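Numbers restart at 1 for each chain; the letters A, B, ... are given by sequence-line order, proteins then strands. Everything numeric here is computed off the predicted structure, so don't read it as measured data.
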Amino acid sequence: MPELPEVEVTRLSFAARIRGARIEAVRLGKPLRWPLGCEPRELLSQTLGDVHRRAKYLWLELERGGLLIHLGMSGSLAFVDHPGPPGAHDHFDLVTTRGTLRLTDARRFGAVVWANSTDTGMAKKLLAGLGIEPFDPAFTGNYLHSALQGRRVAIKPALLAGDIVVGAGNIYASEALFEAGVDPRTRGRRLSRARAQRLAVALRRTLQSAVELGGSTLRDFRDAQGVAGEFQLHCAVYGRQGQPCTRCGTAIRRIVQGQRSTYFCPRCQRP
DNA sequence: AAGTGGACCTGCTAGC
DNA sequence: TGCTAGCAGGTCCACT
């Protein structure tokens, strides 16, 4: 579910409402990808500040540190006044004076990790080595082109890796490559400066558009207010193998790269 | 250093 | 109807 747009849409849907709330209780369900990293009672009585996003992580500011949240493959957050009893896949509740923030995550690839300012633990490690934000003005065609030098891996898995630029996952990497007209099998270092420029623009536009459409709801994504996204209705290639390209009519192909599906138009997208 | 494949975990769907 | 194989929005880690 959650690539950059879904994470950002989630953030926008509860950040203003949770700011200033005080934590009253914490409930943990089954283990997530990493342990919380503190005793739940250490969070009690702390007041929440701003909610930030870095790559596909959310960062909830607390008085004495913060919580780093990742939604994994199947996670979503809900912020509600009166939550029902936790279901089988509800693995974290943050009960506050303004409502309860609940993480639902069937596959449990997600995580909630505590960190404070002197932290040298998991949270810091997770954020180290992340690439540039796609909306950062420093993310340019020239940056992308030079970062790809010395990379013989194909451009699509290079976008997913997250060490050059963050935010694109399996849907938006395929969509951005289609918009840029770049064959996903093109090796990184073979991408010309001009094509890197087109790709940088396409990636930013694709992600921006997806945020504006509320993200993609392929199966069960909802923002923290329960609202579904609509980007999936605008996908040009993702999940459309065998169907005609919206631009030229050629059948969309599905291939596997790095154990993930890639979708592209063999006519519109060139090396 | 960069590239590759396995691992984590559960649910759903297509096919027999 | 029931079982099984394959697939799913992520990314860390060990190994070459």
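- The nearest pair of heavy atoms linking Leu191(A) to Ala196(A) is CD2-CA, 3.8 Å.
- Aromatic ring centres of Phe231(A) and Tyr172(A): separated by under 6.0 Å.
- Nearest nucleotide to the His70(A) side chain, out of dC7(C), dG10(C), dC12(C): dG10(C).
- Rounded to whole Å, the P atom of dG6(C) lies 14 Å from the corresponding atom of dG6(B).
- In this entry the distance linking CH2 of Trp34(A) with P of dC8(B) reads 14 Å, nearest Å.
- A donor and an acceptor atom, one from each side chain of Gln197(A) and His145(A), are nowhere located under 3.5 Å apart.
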Inset, instruction - Report, as a single string ordered 5' to 3', how protein heavy atoms within less than 4.0 Å touch nucleotides 9-15 of chain B: B base, S sugar-phosphate only, - not at all. - result: BBSS---
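- Between Phe14(A) and Phe79(A), the ring planes are tilted. Angles from 30° to 60° get that label.
- Under a hydrophobic-cluster definition in which Ile, Leu, Val, Met, Phe, Trp and Tyr are linked whenever side-chain heavy atoms come within less than 4.5 Å, directly or via other members, Trp114(A) and Val51(A) are assigned to the same cluster.
- For the pair His91(A) NE2 and dC8(B) P, the interatomic distance rounds to 17 Å; values are reported in whole Å.
- Using modelled atom types, one finds no donor on one side chain facing an acceptor on the other under 3.5 Å when comparing Ser13(A) with Gln225(A).
- Note on Arg270(A) versus Asp183(A): no salt bridge recorded, every NZ/NE/NH1/NH2 to OD/OE distance being 4.0 Å or above.
- With a cut-off of 3.5 Å on both Watson-Crick or G-U wobble distances, the partner of dC9(B) is given as none.
- Contact annotation for Phe231(A): no contact, since no heavy-atom pair falls under 4.0 Å across all strands.
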Dump the pairs, protein N or O against N or O of nucleotides 3-5 of chain B, anything under 3.5 Å, distances to one decimal.
| residue | atom | partner | partner atom | Å |
| --- | --- | --- | --- | --- |
| dG3(B) | OP1 | Arg152(A) | N | 2.4 |
| dG3(B) | OP1 | Val153(A) | N | 2.8 |

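- Asp105(A) and Ser74(A) share a donor-acceptor pair across their side chains, judged by distance under 3.5 Å alone.
- Between Asp105(A) atom CG and dC8(B) atom C1' there is a gap of 12 Å when expressed in whole angstrom units.
- In this structure, CE of Met73(A) is placed 14 Å from C1' of dC12(C), rounded to the nearest angstrom.
- Considering only side-chain N and O atoms, Ser261(A) lies under 4.0 angstrom from the phosphate OP1 or OP2 of dA8(C).
- When the P atom of dT11(C) is taken as reference, atom NZ of Lys125(A) falls 16 Å away, rounded to whole Å.
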Inset, instruction - List the steps and the verdict of salt bridge (charged side-chain N to carboxylate O under 4.0 Å, His left out) for Arg53(A) and Glu133(A). - result: CA-CA 10 Å; Arg53(A) 181 191 56 73; Glu133(A) 286 289 325; 2.9 Å; yes
